[in-house]
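I have placed the structure first, in the form of C-alpha cells, so that the comments after it can refer back to it.
Worth knowing before you read on, the calculation uses all heavy atoms, side chains too, and leaves out hydrogens, waters and symmetry mates.
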Amino acid sequence: MGPDAIEERVSSTVVSLNKQRYRVLIGTDLLEQIGTHVRKRSARKTCAIISDNNVAPLFASRVEESLVAAGSRPTLITIPAGEKSKTLKQASAICDQMVAAGLDRKSFVIGLGGGVIGDISGFVAAIYHRGIPHVQIPTTLLAMVDSSIGGKTGVNTRDGKNLIGAIHHPLLVIDDVDALRTLPAREFNQGFAEIVKHAVIADAKMFRMLQSWQATEAVALQRLIRRNIRIKSKIVAQDERDQTGERAILNFGHTVGHAIERAGEYRKFLHGEALSLGIVAACAISTNKAGLPADQGDAIVDLLEKFELPTKLPKNFSRQKIVEAIKFDKKFEDGKVRFVMTPRIGKAYLTNKVTLDDICAAIAQL
Ligand SMILES: NC(=O)c1ccc[n+]([C@@H]2O[C@H](COP(=O)([O-])OP(=O)(O)OC[C@H]3O[C@@H](n4cnc5c(N)ncnc54)[C@H](O)[C@@H]3O)[C@@H](O)[C@H]2O)c1
Ligand SMILES: [Zn+2]
C-alpha cells in the first residue's frame, strides 16, 4: 500500500483553540487501532468506556480488545440508548460505577456512541475527580460533524435541554466511518441537516458540492466530515465560550428548530429533522429581512429535501405549540430576539432585529 492509500484510509485534522489543541482522526478500521492511538497521547491505563445499549453490542468488544492489546484496562459501562438517558441521575450512576470499578484521577473516559453518549460521557469526564481526559468515538454522522467538536458537554433537566454542563475538550476524537454503516437511514440523514447548516453559514463551495453529492464511498464521506469539522472548529475558536456572538452563528435554524423539537415532545422529530424545518423558517425570515435572494432560499430547501429531511410541517401539527416553545426558550427584549440570518449562501450574522411576529409568520408558512 502506497502512502496515498494510507492517506485515504486515515486523515486527520487538528482542532486548535486558544488553550487547547486536539486531533481528530478520520478513517476506516480505526476502532481496531484505538489502543495505539490513545497510548501515543497518554500513559494512563485504566478507563471507562461509556456506551449505549445499541452501540455497545456493535462496537464495544473491538474497542476493548484494542485497548487491552495496548496495555489499558477498560471497564465497559452501558446505559439505555436515547435522549432520556442524558440526565444528572444517569451521570451520577455512571460515576458510582466508575468508583466501584476502581477508576481514579489517573483514569480516563471514552465515549462510544452518538451525541447523547458524547455529551454525558464528556460531562462525567469533566466532573470525575474534578476532570479527567475524555476520548470521543462518535458513531453517528451528527456526532462526527457537530457534537464531538467544540467541547460542550452536559445533561438535560426536567425543564430543558443541556441546562447543566461544562466545557471539557477531548484529548482525542476518533471518527471511524465504517461505524456509520449500521446507522439507520433516518439517523444518517439528520446529520446532513447540520452539514447543510454549515454550508449555508460558512461554505458556499461545499453547498454546491452537496448539490451534486451522490457519494456513498468512504473516502468522500471522510473528506466531507473533515471539512465540516474544520468549519465548526474555526467558528468555535473565535468564541470558545459563546460570549462574543461568533459561535452563535452555529445556531442558524435552531431557534425555530429547538421549538419544533420541544413542541413535538422530543418524539415526533429527530434533532436534525426539526433543524431542517428551522432552517426553512430562518431562510424565509432572511429573505424578508436580510435580502437572501429567493432562488437561494429555494436552493437551500431543495438541498434539505435531497437528504430526505422534512421542509414542511405536518398539517395537524400545532403551530401555537411551537410559538409557545419559542416564548419559553428565548428572551424577547422589546419584542425582539437574537436571531441568525443569512444574506446569501456562505454567510451568516447575528441580529437583534427579528421580532416574534416575524418568527410567527415564518412558522405559519411552514
Ligand atoms: N455538545 C454539542 O455541541 C452538541 C451539538 C449537537 C448535538 N448535541 C447533542 O447530541 C445529541 C444527539 O446526537 P445523536 O443524534 O447522535 O443521538 P444519539 O446519541 O441518541 O444517537 C442516535 C441513535 O442512534 C443509535 N446509534 C448511534 N450510533 C449508531 C451506529 N453506528 N449504528 C447504529 N445505531 C447507532 C443510538 O443508540 C441512538 O439510538 C443530543 O443530545 C444533542 O443535544 C450536542
Ligand atoms: Zn444542532
Original post:
Just wondering, do Val55 and Ile117 contact through their side chains at under 4.5 Å, heavy atoms?
Top reply: no

Original post:
Taking the six-membered ring for Trp, are His271 and His258 parallel (under 30°), tilted (30 to 60°) or perpendicular (over 60°)?
Top reply: tilted

Original post:
Can Gln320 and Ser318 be said to form a side chain to side chain donor-acceptor pair (under 3.5 Å), step by step?
Top reply: CA-CA 5 Å; Gln320 189 50 37; Ser318 160; over 6 Å; no

Subject >> Arg23 side chain to Ile174 backbone, donor-acceptor under 3.5 Å >> reply: no

Original post:
How many angstroms lie between CZ in Phe252 and CG in Leu350, if you round to the nearest 0.5 Å?
Top reply: 12.5 Å

**OP:** Please examine the side chains of Val135 and Arg41, heavy atoms only from C-beta on, and report whether any two atoms are closer than 4.5 Å.
**Re:** no

**OP:** Decide yes or no for Leu172 and Lys40: does some side-chain heavy atom of the first lie under 4.5 Å from some side-chain heavy atom of the second?
**Re:** no

Subject >> same_hphob_cluster(Val99, Leu88) at 4.5 Å side-chain heavy-atom cutoff >> reply: yes

**OP:** Please determine which of Asn156, Thr153, Asn162 meets the side chain to side chain contact (heavy atoms under 4.5 Å, CB included) test together with Asp119.
**Re:** Asn162

Original post:
Is it true that the side chains of Glu305 and Thr311 contain a donor and an acceptor less than 3.5 Å apart?
Top reply: yes

**OP:** Identify which one of Lys84, Lys89, Glu83 satisfies the side chain to side chain contact (heavy atoms under 4.5 Å, CB included) criterion when paired with Thr87.
**Re:** Lys89

Original post:
Taking 4.0 angstrom as the limit, do Lys327 and Glu324 come out as a salt bridge?
Top reply: no

Subject >> Note, Leu224 side chain near Leu210 side chain (heavy atom, < 4.5 Å) >> reply: yes

Original post:
If you look only at pairs with a residue in residues 267-288, which of them pass as a salt bridge (charged side-chain N to carboxylate O under 4.0 Å, His left out), with sequence neighbours excluded?
Top reply: Arg186-Glu273, Glu265-Arg267

Original post:
Is there a donor-acceptor pair under 3.5 Å between the side chain of Thr139 and the backbone N or O of Ala179?
Top reply: no

Subject >> Close side-chain approach of Leu366 and Phe317, heavy atoms under 4.5 Å >> reply: no

Original post:
Checking Ser286 side chain against Thr342 main chain: does a donor-acceptor pair fall under 3.5 Å?
Top reply: yes

Original post:
Between Arg62 and Glu65, is there a salt bridge with N-O shorter than 4.0 Å?
Top reply: no

**OP:** Give, for atom CG of Leu142 and atom CZ of Phe192, the distance between the pair rounded to the nearest 0.5 Å.
**Re:** 11.5 Å

Original post:
In the single-linkage hydrophobic clustering (I, L, V, M, F, W, Y; side-chain heavy atoms under 4.5 Å), do Leu270 and Val256 co-cluster?
Top reply: no

**OP:** Supply the atom-to-atom distance Leu221 CG to Phe188 CZ, rounded to the nearest 0.5 angstrom.
**Re:** 5.0 Å

Original post:
How would you list all residue pairs meeting salt bridge (charged side-chain N to carboxylate O under 4.0 Å, His left out) that involve residues 337-346, not counting sequence neighbours?
Top reply: none

Original post:
Does any pair with a residue in residues 346-366 pass salt bridge (charged side-chain N to carboxylate O under 4.0 Å, His left out), and if so which ones, sequence neighbours excluded?
Top reply: Lys289-Asp358

Subject >> Note, Val173 side chain near Val15 side chain (heavy atom, < 4.5 Å) >> reply: no

Side-chain donor-acceptor contacts of residues 296-304 below 3.5 Å, not counting sequence neighbours, with atom names and distances?
{"residue": "Gln296", "atom": "OE1", "partner": "Ile345", "partner atom": "N", "Å": "2.7"}

Original post:
For Asn54, what residues pass the side-chain contact (heavy atoms from CB on, under 4.5 Å) criterion, not counting sequence neighbours?
Top reply: Asp52, Ala81

Subject >> salt bridge (charged side-chain N to carboxylate O under 4.0 Å, His left out) involving Arg230 - partner list, sequence neighbours excluded >> reply: none

Original post:
Which residues pass the side-chain contact (heavy atoms from CB on, under 4.5 Å) test with Gln214, sequence neighbours left out?
Top reply: none

Original post:
Ser66 side chain to Gly35 main-chain N or O, any donor-acceptor pair under 3.5 Å?
Top reply: yes

Original post:
With the 4.5 Å side-chain cut-off for hydrophobic clustering, are Met144 and Phe307 part of the same group?
Top reply: yes

Original post:
Looking at CG of Asp146 and CG of Leu141, how far apart are the two atoms once the value is rounded to the nearest 0.5 Å?
Top reply: 10.0 Å

Subject >> Expected output: side-chain Ser276 to main-chain Pro310 donor-acceptor under 3.5 Å >> reply: yes

**OP:** With sequence neighbours left out, write down each residue that passes salt bridge (charged side-chain N to carboxylate O under 4.0 Å, His left out) with Arg181, or none if nothing qualifies.
**Re:** Asp178

Original post:
Quick one: does Asn189's side chain have a donor or acceptor within less than 3.5 Å of a partner on Leu309's backbone?
Top reply: no

Original post:
With sequence neighbours left out, what residues match Gln97 under side-chain hydrogen bond (donor to acceptor under 3.5 Å, both in side chains)?
Top reply: none

**OP:** Hey, could you give me each pair passing ring pair (Phe, Tyr, Trp, His ring centres under 6.0 Å) that has a residue in residues 120-169? Not counting sequence neighbours.
**Re:** Tyr22-His169

Subject >> Check: Arg73 main-chain N/O paired with Lys45 side-chain donor or acceptor under 3.5 Å >> reply: no

Subject >> Distance (rounded to the nearest 0.5 Å) between Leu103 CG and Arg44 CZ >> reply: 11.5 Å

Subject >> Fellow cluster residues of Val116, listed by chain then number, with links counted only when side-chain atoms sit under 4.5 Å apart >> reply: none

Original post:
Can any side-chain N or O of Arg39 pair as donor or acceptor with the backbone N or O of Ala70 at less than 3.5 Å?
Top reply: yes

Original post:
Just one of Ile137, Leu67, Ile34, Ile77 clears the side chain to side chain contact (heavy atoms under 4.5 Å, CB included) bar with Ile49, so which one?
Top reply: Leu67

Subject >> Polar side-chain atom of Ser42 near backbone of Val38 as donor-acceptor pair, under 3.5 Å >> reply: no

Subject >> Residues forming a salt bridge (charged side-chain N to carboxylate O under 4.0 Å, His left out) with Lys152, sequence neighbours excluded >> reply: Asp242

Original post:
So do the side chains of Asn228 and Met206 get within less than 4.5 Å of each other, counting heavy atoms only?
Top reply: yes

Original post:
Mind checking whether Leu250 and Val340 have side chains closer than 4.5 Å, heavy atoms only?
Top reply: no

Original post:
Which value, rounded to the nearest 0.5 Å, describes the distance between Ile110 atom CD1 and Glu64 atom CD?
Top reply: 9.5 Å

Original post:
Arg223 side chain to Val219 main-chain N or O, any donor-acceptor pair under 3.5 Å?
Top reply: no

